Protein chains: 2
Amino acid sequence: MGRKHIKPGKVRLTEVAALAGVSPITVSRFFRNPDTVSPGRRLRIESAAKDLGYVPNLAARALASQRTEVIGVLIPSLTNNVFSDVLRGIYDAFEGSRYSIQLANTRYSVLQEERLLRLFLMQKPAGMIVTGVDQTAEGRAIVQAADCPVVQIMELGPDPIDMMIGFSHVDACFAAISHLLAQGCRRIGFLGARMDPRVQRRLQGYQNAMKIAGLFDPRLIVTTAVPTSTTMGGSLFSDLMLRAPDVDAVFCANDDLALGVLFECQRRHIAVPEQIAIVGFNDMEFMASAVPSLTSVRTNRYEMGLRAATMIMDEIEGRPVTERVVDLGFQVMERQSSQQRHAVAPAADRVSGTKW
Amino acid sequence: MGRKHIKPGKVRLTEVAALAGVSPITVSRFFRNPDTVSPGRRLRIESAAKDLGYVPNLAARALASQRTEVIGVLIPSLTNNVFSDVLRGIYDAFEGSRYSIQLANTRYSVLQEERLLRLFLMQKPAGMIVTGVDQTAEGRAIVQAADCPVVQIMELGPDPIDMMIGFSHVDACFAAISHLLAQGCRRIGFLGARMDPRVQRRLQGYQNAMKIAGLFDPRLIVTTAVPTSTTMGGSLFSDLMLRAPDVDAVFCANDDLALGVLFECQRRHIAVPEQIAIVGFNDMEFMASAVPSLTSVRTNRYEMGLRAATMIMDEIEGRPVTERVVDLGFQVMERQSSQQRHAVAPAADRVSGTKW
DNA sequence: AGCGATATTGACAGCGCTATCACGTGGTTG
DNA sequence: CAACCACGTGATAGCGCTGTCAATATCGCT
């Protein structure tokens, strides 16, 4: 036998329908698309629902309609505040819409990512946002099986799963190094932490630029698998000073590292930028107000999240998305910390890069 | 008439059961509690499920069982990295469990919070984590209607909804100001941004301490409704310097502000801590590596998230939660930026506070 | 008035899973 | 040896909602 007694206080569509004097299906329609119900009934249903304190049952809705309004979002880290900006954009875009977000973090592990994708699949999501382009073949297969709009964010690459929005980390770093070279720096160090795929690509951009300039020297590269932090910036810089005491500039793959380098320079009484120039990556808010203000590569993270979400919604709701791969570009925010040797400080930020 | 043809590729419990030669209900049992199925069938079901690529339908499960494994989490902001630490704790605790997290941000609005709670209710969550103690009466009612374990985090207060974990912001700030007073500071400024309930309580702690010391002066308080940022720290400090040029210490309700004050001091060639002492709040990672290292009030955010999640799980799974209101305390991390006048720098951090 | 076109409404069946109870088996007990 | 229990398994009947299509009401037009 099946269930027995229905809990007395329970309010279903049926109860609302009974009170409003209409059929359940009409109440259902009212909640999904009020315009298709005649004004008279509309009012009756509305007040009946309010009186009874009706709350729709999402599970029943999902089961009957064979779809959900859940958007799965997969990011590598909650700690790295790069992603909090992206997330903010995503949440802002879905704000007020009927979609809800299911967020999970992969901890920079493709196996975790695979597991989480499988988990998302059980929800039959309406859309998915995933970070980067380095999914496993299995991971791609799972995403494809979900049969919903998918946006890959943070990077660009060949062969998108569906849609894509990001920028070239290789180019962005190349531009930053080019800026330092233009400022007269020759012994430019590279500091990187965590070394996830995006940092790896920044390293690639660094190597390209240095090799083209004929200035490449592996001793100038100091990296660690440990996550980025200000303290780590200080230690990586200390390592660099041991390996290459003649370094005249430091590119940091993250702004936290750059801040740590600045502090370490203050501790060692190294003048910035006179003795050592500093460039960071991401252009976090504090970079502009540091003393000296710190040069960084601005990436449009909030917009990335916002547009990724918008692309998903457009796709779901049948509005054709023509630009399926979006390059958001970047800007090198040139500040005091990378001032040309013996030059005067600029009155305001100078900018170079793409898309501005 | 109802639906017509079943999609051919669709794999349901029934298909797995047919292939394994058992009844659907046995397959259902296998997925929920493998131990209750005999080893022979267990293997057959397992391989059948794998062969067919079976993916359980969560909506059907939720509808039939009348419950979900969704934990609703409500935080005020995604940008404020205070919450990313809490979140990390929450995600870590639920990692590998069968629960999934539904995260939403209220943007510091109780009306938003109410709307989101209503939304959560539709999901019939298994548990809820909400921020702070300032829910509206309506909001509390909604949470109670969800009839599931609830933990309020970040603060302590009378009359918890269900469970509670946090610390006293009043006491924490009081301790920080007491520290400054002990260091010989007399004209201690208060800088606050956003002015959410928790910052308001820190302000209260500041006022209590200053009044007891007979040093209270409203001109020393500078606040703004704008969100916290490093740049904002600089401007608030500039305002303070205009209002009270004789200020000898600054308490910042957030670490970002403290960093901004440090930079502004560097810009104005004000010696820290000799001319002005600086104390922040939250003890973000960068505080310890700044030059001079910045005193701050450490709050146990990661642990808060972790334990809140654990309390929820314990409650759901019938393990009695005896400590239903947990005070996590705080620590004043005494660093160079609040060194006693004309004293030598300490070799390492000194700590004062509760629970350490 | 009569016609088809359009807007509203309802009946029915079923989405994929699980709660509940019933039943069989084999072992233990008095 | 009947009575009992624990265990594994299955049959049945929904969980609360919506897709589908048919039925009815309403309207504009010739």
Side-chain angles (χ1 to χ4, degrees), chain A residues 1-45 49 52-69 98 121-124 126, chain B residues 1-45 49 52-69 98 121-124 126:
Chain A
M1 243 156 289
R3 322 308 203 258
K4 280 296 151 57
H5 29 255
I6 336 129
K7 208 172 27 165
K10 195 186 296 182
V11 180
R12 307 190 312 267
L13 223 43
T14 320
E15 277 70 54
V16 177
L19 184 61
V22 298
S23 73
I25 190 73
T26 304
V27 180
S28 166
R29 266 196 277 266
F30 166 79
F31 281 110
R32 283 175 296 155
N33 198 348
D35 301 337
T36 59
V37 176
S38 62
R41 285 164 208 252
R42 201 145 54 194
L43 289 171
R44 296 218 308 283
I45 294 172
L52 295 172
Y54 171 69
V55 176
N57 182 323
L58 285 190
R61 183 180 286 179
L63 179 57
S65 67
Q66 299 282 64
R67 56 196 163 65
T68 63
E69 328 244 77
R98 59 180 200 277
L121 199 57
M122 296 168 58
Q123 314 226 17
K124 298 184 180 296
Chain B
M1 244 156 287
R3 301 357 182 230
K4 281 295 149 58
H5 28 253
I6 337 129
K7 210 177 14 167
K10 195 186 295 183
V11 181
R12 308 189 311 265
L13 222 43
T14 320
E15 276 71 52
V16 177
L19 184 60
V22 298
S23 72
I25 191 73
T26 304
V27 180
S28 166
R29 267 196 276 267
F30 166 78
F31 281 109
R32 283 174 296 154
N33 199 347
D35 300 338
T36 59
V37 176
S38 63
R41 285 165 209 250
R42 200 144 56 196
L43 289 171
R44 296 219 307 283
I45 294 171
L52 295 171
Y54 171 68
V55 176
N57 181 323
L58 285 190
R61 183 179 287 178
L63 178 59
S65 68
Q66 300 280 63
R67 56 198 161 65
T68 63
E69 329 244 76
R98 57 179 201 278
L121 199 57
M122 295 168 58
Q123 312 225 21
K124 299 184 178 297

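By convention in this document, chain letters (A, B, ...) are assigned in the order of the sequence lines, proteins followed by strands, and residues within each chain are numbered from 1. What you see is a predicted model, and the numbers here were worked out from it, not measured in a lab.
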Measure from [atom1] on [X] to [atom2] on [N] and round the result to the nearest Å.
X	N	atom1	atom2	value
F31(A)	dC17(D)	CZ	P	9 Å
E15(B)	dG16(C)	CD	P	8 Å
F30(A)	dT8(C)	CZ	C1'	15 Å
Q66(B)	dT18(C)	CD	C1'	10 Å
N33(B)	dC7(D)	CG	C1'	13 Å
I25(A)	dA22(D)	CD1	C1'	13 Å
R67(B)	dG16(D)	CZ	P	15 Å
R61(B)	dC15(C)	CZ	P	18 Å

Of the listed nucleotides [options], the one nearest the side chain of [X]:
X	options	value
Y54(A)	dG10(D), dG10(C), dC17(D)	dC17(D)
S65(A)	dC15(D), dT9(D), dT18(D)	dT18(D)
V37(B)	dT9(C), dG16(C), dT9(D)	dT9(D)
L63(A)	dG10(C), dG16(D), dT18(C)	dG16(D)
S23(A)	dT18(D), dG10(C), dG19(D)	dG10(C)
R12(A)	dT18(C), dT9(C), dG16(D)	dG16(D)
R41(B)	dG10(C), dG10(D), dT18(C)	dG10(D)

Next on the checklist: Within the 4.0 Å heavy-atom criterion, would you say R42(B) contacts the bases, only the backbone, or no part of the nucleic acid?
Outcome noted: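 It contacts nothing in the nucleic acid.
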Checklist entry - Which part of the nucleic acid, if any, lies within contact of P24(A), taking any heavy atom under 4.0 Å across all strands shown: a base, the sugar-phosphate backbone alone, or nothing? => result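 P24(A): no heavy atom of the nucleic acid under 4.0 Å.
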Checklist entry - Within the distance-only criterion (no hydrogens, no angle test), does the side chain of T68(A) pair as donor or acceptor with the backbone N or O of K124(A) below 3.5 angstrom? => result yes
Next on the checklist: Checking the side chain of R29(A) only, and the main-chain atoms of V37(A) only, is there a donor and an acceptor separated by less than 3.5 Å?
Outcome noted: no
Within the structure, does a side-chain N or O atom of [X] lie under 4.0 Å from either OP1 or OP2 of [N]?
X	N	answer
K10(A)	dG16(D)	yes
R32(B)	dT18(C)	yes
S38(B)	dT9(D)	yes

So which atom in [X] and which in [Y] form the shortest heavy-atom distance, rounded to 0.1 Å?
X	Y	result
R61(B)	P56(B)	NH2-CB, 3.5 Å
E15(A)	R12(A)	OE1-N, 2.6 Å
A17(A)	S23(A)	CB-C, 3.7 Å

Item to check | side-chain contact (heavy atoms from CB on, under 4.5 Å) assessment of V11(B) paired with V16(B) | outcome: CA-CA 7 Å; V11(B) 181; V16(B) 177; 4.1 Å; yes
Next on the checklist: side-chain contact (heavy atoms from CB on, under 4.5 Å), that's the test. Do F31(B) and L13(B) meet it? Break it down for me.
Outcome noted: CA-CA 10 Å; F31(B) 281 109; L13(B) 222 43; 4.3 Å; yes
Item to check | R42(B) and D35(B): CA distance, side-chain angles, deciding distance, side-chain contact (heavy atoms from CB on, under 4.5 Å) verdict | outcome: CA-CA 9 Å; R42(B) 200 144 56 196; D35(B) 300 338; 4.1 Å; yes
Checklist outcome for this item: Axis-to-axis angle across the helix from dA1(C)-dT30(D) to dG30(C)-dC1(D), five pairs each end, nearest 10 degrees, ~ 30°
Checklist entry - Hey, does the side-chain of R29(B) have a donor or acceptor N/O within less than 3.5 Å of a partner on the base of dG10(D)? => result yes
